[in-house]
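Note that ligands are numbered from 1 as they come in the structure, with each ligand's atoms numbered from 1 the same way.
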Amino acid sequence: MEPSVLVDRRDGWVRLVLNRPDRLNSFNEEMHRRLAAALDEAGADDACRAVLLSGAGRGFCAGQDLSDRVGPADLGATIDAFYNPLVRRLRALRKPVVCAVNGVAAGAGANIALACDIVLAARSAKFIQAFAKIGLVPDSGGTFFLPRLIGDARARALAMLAEPLPAERAEAWGLIWKVVDDAALAAEAETLTAHLATQPTVGLALAKEALNASADNDLDAQLDLERDLQRKAGATPDYAEGVRAFLEKRAPKFSGRSS
Ligand code: T3D
């Protein structure tokens with residue numbers, strides 16, 4: 001049997017593919033464990049400077065595998081054990097995470113996509129806060145990301161109506177970065193991830209840290225944080241290389257190293 005997460009190591013980056021296509025890549029515990037391990041490995045590997053997450057088959061991810069939920073379950077415990085750590089891992093990973101939403105992203109599947117740094121979606125894809133259809137609350141950061149990305153009015157309607165949001169509207173509303181023709185999605189996502197893998201990795205990680213903190217900070221606190229992170233960025237070899245390359249009128253060659 002094929003693994004539930006495919007790990008495809010490339011030159012400087014890794015492609016992770018959710019691989020339970022007959023269940024629209026919905027999560028069971030095994031897929032959670034494999035994805036967590038793959039993200040930890042990518043995080044620990046200095047040679048890996050960017051991550052691409054996508055799904056096998058016609059869907060991206062349909063959230064929790066509901067066939068594992070026919071009996072009573074403590075959903076707070078499963079969220080504590082699996083979904084919340086996954087969202088925290090994606091946000092904390094000190095390298096960019098691109099998500100290629102190749103088809104429907106429903107329930108936790110939609111919000112895990114939103115936890116990634118740059119989200120591309122196939123034109124035919126849709127995002128569904130499916131939770132209300134089964135009496136649940138948007139989880140995996142949905143109630144955090146949605147109002148911040150698209151505003152309270154739209155967030156409330158998506159959460160309460162569970163209507164599919166087509167990819168083109170998701171882009172128009174600012175929920176995602178970009179819609180791409182279905183046939184072009186894989187190549188465009190790979191080109192973008194490969195590009196990010198050549199960029200100043202430490203600087204990007206510091207930018208990610210600042211953006212992650214922005215939702216909870218007031219302007220003064222954010223200005224102080226930017227100062228502190230800029231101090232760190234300014235001490236990296238990639239900053240020195242970036243300035244040198246600019247002055248020498250050539251393309252920079254970033255190492256991604258911290259020292
Ligand atoms: O439980 C906890 O730990 C708490 C955390 C919860 C997080 C959550 O994500 S709760 C929300 C769970 N997800 C859903 O409620 C979505 C359920 N799926 C759907 O509503 C629809 O499948 C879609 C709208 C996503 C796609 O519809 P469609 O018509 O394109 O496909 P389909 O025919 O419904 O699905 C294709 C197959 O995938 C089908 O199997 P079959 O009939 O071909 O054997 C379907 O049963 C299966 N599938 C889709 N989603 C799930 C699933 N099987 C198990 N769990 C799923 N979530």
Are any non-hydrogen protein atoms located under 4.0 Å from [atom]?
{"atom": "atom 42 (O) of ligand 1", "answer": "no"}
{"atom": "atom 31 (O) of ligand 1", "answer": "yes"}
{"atom": "atom 9 (O) of ligand 1", "answer": "yes"}
{"atom": "atom 14 (C) of ligand 1", "answer": "yes"}
{"atom": "atom 1 (O) of ligand 1", "answer": "yes"}
{"atom": "atom 46 (O) of ligand 1", "answer": "no"}
{"atom": "atom 50 (N) of ligand 1", "answer": "yes"}

Give a yes or no on whether the backbone of [Y] and the side-chain of [X] come within a donor-acceptor separation of less than 3.5 Å.
{"X": "Asp181", "Y": "Ala184", "result": "no"}
{"X": "Asp117", "Y": "Val98", "result": "no"}
{"X": "Arg20", "Y": "Ser26", "result": "yes"}
{"X": "Glu171", "Y": "Val179", "result": "yes"}

Does a sphere of radius 6.0 Å around [atom1] in [X] hold more than 12 heavy atoms from other residues, nucleotides or ligands, not counting ones at 6.0 Å or beyond?
{"X": "Asp22", "atom1": "CG", "result": "yes"}
{"X": "Lys126", "atom1": "NZ", "result": "no"}
{"X": "Phe144", "atom1": "CZ", "result": "yes"}

- Message: Is the positively charged end of Arg49 above the ring of Trp13, judged by distance under 6.0 angstrom from the centroid and angle within 45° of the axis?
- Response: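 Pair Arg49/Trp13 does not count as cation-pi.
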
At under 4.0 Å between heavy atoms, is it the side chain or the backbone of [X] that contacts ligand 1, or both, or neither?
{"X": "Phe82", "result": "neither"}
{"X": "Lys133", "result": "neither"}
{"X": "Ile128", "result": "side chain"}
{"X": "Ala62", "result": "both"}
{"X": "Phe27", "result": "neither"}
{"X": "Ala106", "result": "side chain"}

- Item | Pairs where residues 81-109 contributes a residue and the test salt bridge (Lys or Arg N to Asp or Glu O under 4.0 Å) is met, not counting sequence neighbours |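 Only Asp40-Arg89, Arg94-Glu209 qualify under salt bridge (Lys or Arg N to Asp or Glu O under 4.0 Å).
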
- Leu75 neighbourhood, listing ligand 1 atoms whose heavy-atom distance to it stays under 4.0 Å: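 Listed by number with element: 1 (O), 2 (C).
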
- Message: If the cut-off is 4.0 Å to any non-hydrogen atom of Gly63, which atoms of ligand 1 fall inside it?
- Response: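 It comes down to these atoms of ligand 1: 9 (O).
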
- Query: Mind checking what makes ring pair (Phe, Tyr, Trp, His ring centres under 6.0 Å) contact with Phe27, not counting sequence neighbours?
  - Reply: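 Counting only residues at least two positions away or on another chain, Phe27 forms a ring pair (Phe, Tyr, Trp, His ring centres under 6.0 Å) with His32, Tyr83.
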
Should [X] be counted as touching ligand 1, given the test is an N or O pair under 3.5 Å?
{"X": "Ala108", "answer": "yes"}
{"X": "Leu66", "answer": "yes"}
{"X": "Tyr83", "answer": "no"}

- Query: Of the non-hydrogen atoms in Val17 and Ala56, which two are nearest, and what is the gap between them?
  - Reply: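 Shortest heavy-atom contact: CG1-N, 3.5 Å.
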
- Task: Quick one: closest heavy-atom pair of Ala42 and Val51, and the distance?
- Result: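 So the two residues come closest at CB-CG2, 3.8 Å.
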
- Message: Tell me the protein heavy atom at minimum distance from atom 34 (O) of ligand 1, and give that distance in Å.
- Response: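 Looking at atom 34 (O) of ligand 1, the protein heavy atom closest to it is Leu24 CD1, 4.9 Å.
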
- Task: If you have a sec, work out which protein heavy atom is nearest atom 52 (C) of ligand 1 and how many Å separate them, to one decimal?
- Result: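 Result for atom 52 (C) of ligand 1: Arg23 O, 4.0 Å.
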
- Query: Any idea which of Arg58, Arg69, His32 brings a heavy atom closest to atom 36 (C) of ligand 1?
  - Reply: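 Looking at heavy atoms only, Arg58 sits closest to atom 36 (C) of ligand 1.
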
- Best match, Lys126, Gln64, Glu29, Gln129: closest heavy atom to atom 12 (C) of ligand 1: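 Result: the heavy atom closest to atom 12 (C) of ligand 1 is in Gln64.
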
- Task: May I ask whether Asp22 has any heavy atom positioned less than 4.0 angstrom from an atom of ligand 1?
- Result: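 The answer is yes, since Asp22 has a heavy atom less than 4.0 Å from ligand 1.
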
- Task: Please assess Thr236 against Asp238 for the test side chain to side chain donor-acceptor pair (under 3.5 Å), listing each intermediate value before the final yes or no.
- Result: CA-CA 5 Å; Thr236 62; Asp238 281 342; 5.7 Å; no

